[in-house]
Amino acid sequence: MRTEHSTAPVAGPTGHSAAGGATAVAHPNIALIKYWGKRDQRLVLPWTSSLSMTLDLFATTTRVRLDPAAGHDTAALNGVPATGETLRRITAFLELVRETAGSGQRAVVDTENTVPTGAGLASSASGFAALAVAAAAAYGLVLDATALSRLARRGSGSASRSVFGGFAVWHAGADTGTAAERDLGSYAEPVPAADIDPALVVAVVNAGPKAVSSREAMRRTVDTSPLFRPWAASSEDDLADMRAALRRGDIDAVGEIAERNALGMHATMLAARPAVRYLSPATVTVLDSVLQLRRDGVAAYSTMDAGPNVKVLCRRADAERVAGAVREAVPDGTVLVAGPGPGARLLSEGA
């Protein structure tokens with residue numbers, strides 16, 4: 001199979017009835033070349049470009065309905081009213097959509113999220129990708145996939161990649177120019193990949209929220225870690241190597257590059273002051289099991305985001321063997337097998 005999934009959605013009304021309410025679904029992505037740290041907090045512009053694989057697990061489904069009589073936005077996550085920082089982020093994002101659409105109408109947002117929230121499993125990526133597609137359509141915007149990616153980025157950087165299926169690269173863009181020019185230069189797009197037929201074995205060793213949020217950990221790492229700038233420079237080289245490995249279908253090279261990039265990112269966090277440590281004893285146990293798989297001749301490579309949970313890249317043909325080894329290593333954890341998933345898309349009303 002090919003893993004580009006290059007067909008991406010176009011948000012906006014397919015007919016008059018689309019404006020006013022829309023439902024969208026999106027999936028999380030796991031970065032193989034990491035995004036860590038913002039050089040512009042308001043525009044959500046990253047220090048480095050990144051590359052990911054969208055998963056076919058953990059879908060987020062979001063409905064946005066405009067309410068002309070409402071004085072403020074409301075939102076619910078899995079039936080529970082959103083409050084605090086979660087509601088603030090949703091409202092701020094909707095304000096951006098309203099500004100673009102020239103609308104003052106408030107919205108009701110209902111989200112069903114199957115991703116464990118705040119555990120380093122990219123819940124914000126699927127969440128804001130789905131919200132971007134649904135909100136753009138509900139407010140009557142017609143946006144191509146690139147514009148949707150830019151919009152999703154403003155809610156959560158990694159959401160720019162979940163607009164696309166399969167492998168996608170998020171361009172950091174230029175450091176110079178006006179705010180509008182810098183905004184235009186930072187978006188995601190699909191990455192061509194040969195027939196490597198990949199799988200990601202997802203080891204959830206702790207599904208609870210993190211003690212240190214990704215936003216705080218990024219800020220602390222960029223501001224205080226002496227390892228951050230060297231890692232950011234090496235990450236650009238990793239990205240070039242990764243794109244070349246995908247083009248030629250070399251899954252071993254893809255895995256080796258992903259593993260070194262992730263370990264380097266966690267090293268920058270450990271060197272922050274004070275240190276940010278997401279790796280738990282169970283995390284290390286999984287990492288050791290992956291090393292043993294490689295000693296046994298199985299092409300398996302680890303990657304981790306901002307959390308204790310581990311994802312293991314391997315060939316689909318080896319996925320059950322890898323999953324079995326990981327389950328044996330952490331019998332109290334949850335181990336799932338994911339493949340490349342689709343991009344964010346609108347659903348028919350009532351679907």
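Model, not experiment: these values are computed from the prediction.
Looking at Arg88, its side chain never comes within 3.5 Å of a backbone N or O of Thr83 through a donor-acceptor pair. In this structure a side-chain-to-backbone donor-acceptor pair under 3.5 Å is present from Arg294 to Ala300. Judged by distance alone, with hydrogens and angles left aside, the side-chain atoms of Ser225 form no donor-acceptor pair with the main-chain N or O of Val222 at under 3.5 Å. Listed for the His27 side chain is no donor-acceptor partner under 3.5 Å among the backbone atoms of Pro340. In this structure, the side chain of Arg153 does not engage the main chain of Ala159 through any donor-acceptor pair within 3.5 Å.
Counting only N and O atoms by type, the side chains of Thr111 and Asn78 include no donor and acceptor under 3.5 Å apart. For Arg161 and Ser52, the side-chain atoms include at least one donor-acceptor pair closer than 3.5 Å. There is a side-chain donor-acceptor pair under 3.5 Å between Gln292 and Asp296.
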Inset, instruction - Before giving the answer on side-chain hydrogen bond (donor to acceptor under 3.5 Å, both in side chains), spell out for Trp170 and Ser49 the whole-Å C-alpha distance, their side-chain angles and the decisive distance to 0.1 Å. - result: CA-CA 6 Å; Trp170 171 22; Ser49 300; over 6 Å; no

Inset, instruction - Kindly indicate, with the supporting measurements, whether the criterion side-chain hydrogen bond (donor to acceptor under 3.5 Å, both in side chains) is fulfilled by Thr48 and Lys34. - result: CA-CA 8 Å; Thr48 63; Lys34 300 299 184 185; over 6 Å; no

Inset, instruction - Using the side-chain hydrogen bond (donor to acceptor under 3.5 Å, both in side chains) rule, take Asn206 and Ser280 through it: C-alpha gap first, then chi angles, then the decisive distance, then the call. - result: CA-CA 9 Å; Asn206 186 340; Ser280 69; over 6 Å; no

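The pair Arg150-Asp144 does not count as a salt bridge, with every side-chain nitrogen at least 4.0 angstrom from each carboxylate oxygen. One finds a salt bridge joining Glu95 and Arg106 here, because a Lys/Arg side-chain nitrogen approaches an Asp/Glu carboxylate oxygen to under 4.0 Å.
Heavy atoms only, all atoms of each residue included: Gly339 and Asp56 are closest at N-OD1, 2.9 Å. The shortest heavy-atom contact between Ala26 and Ala129 is CB-CB, 3.8 Å.
Listed by first and then second residue, the ring-ring contact (aromatic ring centres under 6.0 Å, His included) pairs involving residues 180-215 are His171-Tyr187 (not counting sequence neighbours). Within the structure, side chain to side chain donor-acceptor pair (under 3.5 Å) pairs that include any residue of residues 326-336 do not occur (at least two apart or interchain).
Around CZ of Arg277, the count of heavy atoms belonging to other residues, nucleotides or ligands within 6.0 Å does not exceed 12.
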